Undergrad: 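Here it is, the structure, as structure tokens.
Here is the naming used below: chain letters follow the sequence lines, and residue numbers restart at 1 for every chain. Just so it is clear, the model here is predicted, and its values are computed rather than measured.
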Protein chains: 2
Amino acid sequence: MRTRDPKKEKTLRDKAFAMIVKEGFDGLSMQKLAKAAGVSPATIYIYYKDRDDLILRLYAYASHRMTEHTLQGFDPASSFKDGLRVQWINRAEYCLQHPLEAHFMEQVRFSPLYDRAVKLMEPGFIEAMRAFVKGAIKRGELIRVPVEVYWSIAFAPLYQLLKFHKHGKGMPATESFALDEKTMMLTLELVTKALKP
Amino acid sequence: MRTRDPKKEKTLRDKAFAMIVKEGFDGLSMQKLAKAAGVSPATIYIYYKDRDDLILRLYAYASHRMTEHTLQGFDPASSFKDGLRVQWINRAEYCLQHPLEAHFMEQVRFSPLYDRAVKLMEPGFIEAMRAFVKGAIKRGELIRVPVEVYWSIAFAPLYQLLKFHKHGKGMPATESFALDEKTMMLTLELVTKALKP
DNA sequence: TGCACATAAGTGAACATTCATTTATGATTG
DNA sequence: CAATCATAAATGAATGTTCACTTATGTGCA
């Protein structure tokens, strides 16, 4: 039996991420992708069932890497302040080191594929997050609010800052914007202040 | 001279919003749109230069309505607490009353058209926001932080809550989620706490 | 060791559709 | 009439996917 070339799979993934981010979902065509990856169109269909399957599997791949990175050095039993800081750093690192993957995931979240994509979230990740929040509340380090309120305040500001950073521009009036550690930690402090009892 | 049918323009807009939100940008085709609006494909090209122009003009339209709604009853000279509350209510109302337009705008923001779309933001809106923040800082009602930090904390959580609401689901573990006034006002209070000196 | 066989990887050309856009022509109204 | 709206029909290019086929590689048997 002929063995599969592992390089092809990676090349296909990389080119697909780049193509989707640069040209949007309508910019991704199987034939263009094949040409970019130096592969026959038919070869793509050996790896992926069809176009939707390709996109969803790319999402699963990125999602997995993202959760893996986010959990690095994170202890669900740690103090709220420490745990949140680790997560901010990890999440920011992932987005800054893999901008294409991160952007791609956001595109999927506003696409019709979203519903199918959410189901790919890893239960272990969700459980770790829940345990962390639950412990922090029990120890009186975190106010008792609905999880959605918590998440909105705890992480949405970080992702907004990263969005500003990615475009190199903040608010329309600002000339240019680049997220540095100082700014990030300042924002984290304010968020922590909001969530502390 | 023959007069243009104003109904056609509105129908085209509405059907385009619906089509893009439901099927994504690759789901929007000029021929499908024409059929949905009960119009010939060529007619679309009377109203819009090409496909990109159509999307950008839709964005300009939605953006205008959004800023208009957001400024309703908003006084840039009002107190920070009051002004922020008015904006939260206005922004939430717009998103809830025009979910298609709101979702469409987010799709554009993660598409390659983003750069061209930002330029359509209205200067008057930006100026009102700046004046509001500046005044609040001067009166000591708001901490002195970069505008991007302010915006991230002041509004990102609201939009995250609306995103949860739209999908009817909050965090993956939650069975279902619906944003009510109480939850929104609770979140607003926490955000205000974070931004107060 | 050598050699056929089985099997999966990989291919280029071709499929019917659909795409965005244009052209030639008619309809409507100032 | 003259100007603009509106259309049906048609354009070539590009789409996702499949097909018949070749190539590579591990296995079983001599």
Side-chain angles (χ1 to χ4, degrees), chain A residues 1-61 104 107-108 111-114 116-117, chain B residues 1-61 104 107-108 111-114 116-117:
Chain A
M1 175 178 80
R2 187 172 178 181
T3 49
R4 198 178 272 198
D5 185 354
K7 270 187 192 172
K8 282 207 171 66
E9 199 158 7
K10 176 164 168 44
T11 308
L12 274 173
R13 252 202 321 264
D14 291 346
K15 295 288 179 185
F17 280 135
M19 194 168 279
I20 292 171
V21 168
K22 197 177 171 210
E23 310 182 45
F25 279 114
D26 30 351
L28 172 77
S29 101
M30 303 303 260
Q31 328 213 43
K32 267 163 59 189
L33 175 59
K35 185 162 279 185
V39 140
S40 159
T43 304
I44 301 179
Y45 289 85
I46 296 172
Y47 292 83
Y48 304 99
K49 196 175 139 291
D50 53 28
R51 193 173 175 272
D52 278 6
D53 183 55
L54 164 65
I55 296 175
L56 281 171
R57 299 252 303 273
L58 286 177
Y59 186 88
Y61 171 83
F104 163 78
Q107 280 180 288
V108 172
S111 84
L113 289 166
Y114 171 83
R116 287 206 262 161
Chain B
M1 176 177 80
R2 188 174 174 181
T3 49
R4 200 178 267 195
D5 183 355
K7 270 189 192 172
K8 281 204 173 68
E9 199 159 8
K10 174 162 169 47
T11 308
L12 274 172
R13 253 203 320 263
D14 291 346
K15 295 289 180 185
F17 280 136
M19 194 169 278
I20 293 172
V21 168
K22 195 175 174 212
E23 311 183 45
F25 280 113
D26 29 352
L28 172 76
S29 98
M30 303 303 262
Q31 330 208 51
K32 269 163 58 189
L33 174 60
K35 183 163 281 185
V39 141
S40 157
T43 304
I44 302 179
Y45 288 87
I46 296 172
Y47 293 84
Y48 304 99
K49 197 175 138 288
D50 54 29
R51 193 174 174 272
D52 277 6
D53 183 55
L54 164 66
I55 297 175
L56 282 171
R57 299 251 302 274
L58 287 176
Y59 186 87
Y61 172 83
F104 164 78
Q107 279 181 289
V108 172
S111 84
L113 289 167
Y114 171 82
R116 287 205 261 160

Undergrad: Which atom names give the shortest non-hydrogen contact between A:V21 and A:Q107, and what distance separates them?
TA: CA-OE1, 3.6 Å
Undergrad: Under 4.0 angstrom, heavy atoms only, what part of the nucleic acid is B:T43 near: base, sugar-phosphate, or nothing?
TA: base
Undergrad: What distance do B:L28 atom CG and A:D26 atom CG have between them, rounded to the nearest 0.5 Å?
TA: 8.5 Å
Undergrad: Got a second to check how far B:R13's CZ is from B:F104's CZ, nearest 0.5 Å?
TA: 11.5 Å
Undergrad: Quick check on DNA chain D: between A:K32 and A:K49, whose nearest nucleotide comes earlier from the 5' end?
TA: A:K32
Undergrad: Check whether NZ of the Lys or CZ of the Arg A:R4 lies under 6.0 Å from the centre of the six-membered ring of A:Y47 and within 45 degrees of that ring's axis.
TA: yes
Undergrad: Measuring from atom CD1 of B:I20 to atom CD1 of B:I55, what distance do you get when rounded to the nearest 0.5 angstrom?
TA: 5.0 Å
Undergrad: Measuring to OP1 and OP2 of D:dT15, would you say a side-chain N or O of A:S29 lies under 4.0 angstrom away?
TA: yes
Undergrad: Nearest whole Å is fine: how far is D:dT17 P from A:L28 CG?
TA: 10 Å
Undergrad: Categorize A:T3 for me: base, sugar-phosphate, or nothing, with a 4.0 angstrom heavy-atom threshold over every strand shown.
TA: sugar-phosphate
Undergrad: Polar atoms only, N or O, under 3.5 Å: list the protein pairs with nucleotides 2-7 of chain C and their distances.
TA:
none

Undergrad: Can you check nucleotides 14-16 of chain C for protein contacts, nitrogen or oxygen pairs under 3.5 Å, and list what you find?
TA:
none

Undergrad: To the nearest 0.5 Å, how far apart are CE in A:M30 and CD1 in A:I44?
TA: 5.0 Å
Undergrad: Write down the distance between CE (A:M30) and P (C:dT11), rounded to a whole number of angstrom.
TA: 14 Å
Undergrad: B:Y45 OH to C:dT22 P: how many Å, rounded?
TA: 7 Å
Undergrad: Parallel, tilted or perpendicular: which describes the rings of A:F17 and A:Y61, with under 30° parallel and over 60° perpendicular?
TA: tilted
Undergrad: Side chain to side chain contact (heavy atoms under 4.5 Å, CB included) for A:T11 and A:V39? Distances and angles first, verdict last.
TA: CA-CA 10 Å; A:T11 308; A:V39 140; over 6 Å; no
Undergrad: To the closest 0.5 Å, what do you measure between OH (A:Y45) and CG (A:D53)?
TA: 10.5 Å
Undergrad: Please report the distance, rounded to the nearest Å, between NZ in A:K35 and P in D:dA14.
TA: 10 Å
Undergrad: Report the residue (A:P6 or B:S40) whose heavy-atom-nearest nucleotide on DNA chain C is the more 5′ of the two.
TA: A:P6
Undergrad: Quick one: is A:K8 getting a side-chain N or O under 4.0 Å of the C:dA9 phosphate, OP1 or OP2?
TA: no
Undergrad: Output the rounded distance in Å from CD1 (B:I46) to P (C:dT23).
TA: 14 Å
Undergrad: To the nearest angstrom, how far is B:Y47 atom OH from D:dA6 atom C1'?
TA: 9 Å
Undergrad: How close or far is atom C1' of D:dA14 from atom CZ of B:R51, stated in whole angstroms?
TA: 13 Å
Undergrad: Can you tell me how far P of C:dC19 sits from CD1 of B:I44, to the nearest Å?
TA: 12 Å
